[in-house]
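The structure displayed is predicted, hence computed values, not measured ones. Below, chain A is the first sequence line, B the second, and so on; all start at residue 1.
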Protein chains: 2
Amino acid sequence: MNNPPPRRRDVTVADVAREARVAKATAARALGDYGAVSDAVRDRVQAAAEALGYRPNELARSMNTGKSNTIGVIVGDIENPYFGLATRGISDAAKEQGFDVILVNTSEDVDAEMDAVRVLLDKRVDGLIVAPASSGKTDHLRAVYETGRPLVLLDRRIEGLDVDVVEADMASVAYQATRHLTDAGHRRIAFISTLDVEGGEFHEGIDLRVSSVADRLEGVLRAQRDAGLPDPSALVRFDANGAAGIKRIVRELMALSDPPTAIIASDSLIALSVLGTVRELGLSVPGDLSFIMFDDFEWTTLTSPPLTVISQPIYEMGAAAARRLIGRVQGRQLPDAMTKFTATLVQRGSVGRPRAGVLAGPMDPLSAI
Amino acid sequence: MNNPPPRRRDVTVADVAREARVAKATAARALGDYGAVSDAVRDRVQAAAEALGYRPNELARSMNTGKSNTIGVIVGDIENPYFGLATRGISDAAKEQGFDVILVNTSEDVDAEMDAVRVLLDKRVDGLIVAPASSGKTDHLRAVYETGRPLVLLDRRIEGLDVDVVEADMASVAYQATRHLTDAGHRRIAFISTLDVEGGEFHEGIDLRVSSVADRLEGVLRAQRDAGLPDPSALVRFDANGAAGIKRIVRELMALSDPPTAIIASDSLIALSVLGTVRELGLSVPGDLSFIMFDDFEWTTLTSPPLTVISQPIYEMGAAAARRLIGRVQGRQLPDAMTKFTATLVQRGSVGRPRAGVLAGPMDPLSAI
DNA sequence: TTGAAAGCGCTAACAA
DNA sequence: TTGTTAGCGCTTTCAA
């Protein structure tokens with residue numbers, strides 16, 4: 001293409017008013033569908049608008065109504081299917097209520113998140129849905145709260161920040177999943193998460209700051225303690241970032257003198273890298289290693305074996321977040337209910353009994369064989 | 001949460017000016033970083049702004065600059081990883097140039113796409129990136145063109161619409177992929193796409209309207225003709241929508257007296273359903289059926305066998321689209337180069353020779369055995 | 001029901 | 001360098 005057409009001046013209410021031979025205010029009323037206008041005039045104005053190709057300027061409109069009919073969404077990584085699906089839910093629900101969505105991707109970077117909040121606030125969005133990258137720094141979110149614009153947190157709550165949160169019950173499903181593993185005889189269960197944690201190492205009592213991860217871990221550890229396993233936190237690994245980092249972690253884990261017989265991956269991106277590494281290592285699932293991952297995407301049914309996963313109603317959670325936010329925007333009084341969703345364990349084929357050899361452990365009388 | 005704080009009145013330049021004891025325009029200059037302001041005054045104004053917690057109103061700013069520093073992106077389905085990745089590329093490139101992104105999802109519905117265009121135009125975005133759902137109706141896109149706002153088409157070009165298009169060279173890679181299949185001995189190759197086509201059936205000379213699909217198909221058919229295969233279009237299937245629809249198509253295909261020995265899936269969503277059906281049917285890949293899909297996502301390395309795919313630089317294409325659009329927005333004269341990307345065939349394990357039994361065909365002297 | 005006029009918060013001429 | 005004065009395109013008083 002070579003000759004971009006000149007940018008034409010937009011047709012305004014004034015133009016339409018002139019064409020329809022009415023006052024500007026009258027035309028605006030007819031066009032904006034507010035106030036009182038006689039049918040005759042309305043028709044005339046609309047005809048004029050049509051003829052001129054009039055389109056309202058939503059910016060101007062927002063400026064004096066103070067509402068933009070737009071919600072801002074801040075996600076860590078739109079490439080992550082979790083957020084893709086959640087965003088879809090948000091968009092659909094927003095559209096249903098006549099709201100638009102501005103999406104900002106932060107690449108899971110807190111500074112970018114702070115920028116994003118500022119930008120969206122400056123654009124005067126009516127409210128914000130945020131899946132906070134790290135809940136270390138949260139001043140920017142508290143700031144949102146203080147502007148009085150509604151804020152809904154997706155997937156992660158933040159200690160001491162009294163806003164709506166839409167999340168799934170991670171602790172209990174994590175417990176259930178881990179229990180499934182211990183019931184099968186597993187005694188060494190690893191848990192891998194992207195969360196970067198102070199000092200890089202996990203220890204009891206550490207403040208994990210991202211509630212969804214903390215909850216998952218809590219369930220995982222509790223189930224192991226309930227099964228009488230000593231020191232369940234020894235195989236917890238954080239800071240699993242990027243394919244290379246995850247690969248390294250898995251290799252280290254499997255090189256242990258007492259390697260895990262099962263791995264729980266905290267999200268689908270980790271799972272992909274874990275499985276890739278497992279394949280490189282020539283290990284078989286579930287023969288050599290049992291595997292459970294958080295989130296249920298269609299490809300997990302196509303691996304051999306299909307994967308045992310934890311399924312969250314991600315789309316619905318996104319939609320719920322949007323509906324709740326818009327409710328707040330419209331000043332509705334909302335009950336706190338329905339904000340916690342249930343996740344379920346979907347058993348497919350990636351969990352088996354640990355091999356006899358590796359079953360060996362302090363509690364196993366056959367260990368000497 | 002129970003007591004949403006009252007929505008505070010925003011602090012404006014006027015407030016800051018008063019606090020700093022300067023004229024409104026002076027404060028605005030200092031704050032907006034334009035015009036000339038003495039250092040002393042600038043400091044005073046900024047201090048006042050800081051103290052008051054001033055934040056610019058970008059809407060007001062956009063209103064008289066006529067620029068919103070925002071680009072609109074319209075995609076069919078953000079849940080589709082293709083668009084997730086492309087959107088990520090768009091976002092990153094846009095952010096780099098100081099632009100924000102408004103994303104609208106159309107659920108691959110043309111009416112929704114028309115709405116989306118209208119909404120974004122009304123919001124006065126500076127430009128639009130669209131991956132058009134169906135190029136049947138394109139008036140709304142021509143309308144964008146006529147407002148003089150730049151428009152970049154992603155993945156699909158539209159006949160007779162003279163705008164920038166960012167796409168990959170689909171015809172040649174499709175040819176190459178199909179050639180790979182015919183070289184392996186395949187004579188019955190099916191091609192499955194979501195595209196809905198008039199009449200529901202494909203026939204030679206039909207106007208496919210979505211260029212990326214038309215190109216793929218062109219390559220697929222040409223390779224077969226070059227290999228001397230008669231009637232290569234007999235196994236072309238369109239309208240593959242939703243898991244159920246795709247499943248039905250695959251079942252019908254495999255129930256043919258002369259079923260295909262290879263399937264090419266036009267995108268990853270189709271691939272997922274095709275493979276699910278193949279698994280249900282108890283068929284093995286590539287033993288019973290060879291398989292190639294468009295787009296390369298990490299999970300395709302984890303299936304057994306790993307899948308042979310066609311890889312496009314999706315992220316880069318998104319980024320390129322954004323850069324090109326922003327270039328146009330800024331009125332730069334741009335060459336038409338660099339707008340066509342190269343896709344490559346990644347050979348993994350899902351293509352093999354057709355079984356001897358099914359190899360039988362009119363050109364095969366062994367068919368009687 | 002209609003019109004005139006005053007803003008919304010900012011930028012942009014134009015003077016001083 | 002600073003201030004004054006108009007707008008941007010719309011909504012919203014307030015009168016008529």
remark   = In short, the helix from C:dT1-D:dA16 to C:dA16-D:dT1 is bent end to end, axes from five pairs each side, to 10°, by 40°

ask   = Would you say a side-chain N or O of B:Thr26 is under 4.0 Å from OP1 or OP2 of D:dT1?
value = no

message = Treating primed atoms plus P, OP1 and OP2 as sugar-phosphate and everything else as base, which nucleotides of nucleotides 9-16 of chain D get B, S or - for protein heavy atoms under 4.0 Å?
response = BBBBB---

task = Would you list the pairs meeting side-chain hydrogen bond (donor to acceptor under 3.5 Å, both in side chains) in which at least one residue belongs to residues 69-87 of chain B, sequence neighbours left out?
result = A:Arg88-B:Asp77, A:Arg88-B:Glu79, A:Lys123-B:Thr70, B:Tyr82-B:Asp155

ask   = Applying side-chain hydrogen bond (donor to acceptor under 3.5 Å, both in side chains), which residue pairs with at least one partner in residues 28-49 of chain A are found, sequence neighbours left out?
value = none

request  = Name the first nucleotide and the last nucleotide along DNA chain C (5' to 3') that come under 4.0 Å of a heavy atom in chain B.
outcome  = C:dG9 to C:dA13

query = Side chains of A:Thr138 and A:Arg142: do they bring a donor and an acceptor to under 3.5 Å?
reply = yes

Please list, chain by chain and in numerical order, all residues satisfying salt bridge (Lys or Arg N to Asp or Glu O under 4.0 Å) with [X], sequence neighbours excluded.
X: B:Arg118; result: B:Asp115
X: A:Glu19; result: none
X: B:Arg18; result: B:Asp15

Return the set of residues passing side chain to side chain contact (heavy atoms under 4.5 Å, CB included) with [X] (not counting sequence neighbours), or none when no residue passes.
X: A:Ala116; result: A:Ile74, A:Val104, A:Thr106
X: A:Ser62; result: A:Ser68, B:Leu59
X: A:Glu96; result: A:Arg323
X: A:Ala51; result: none

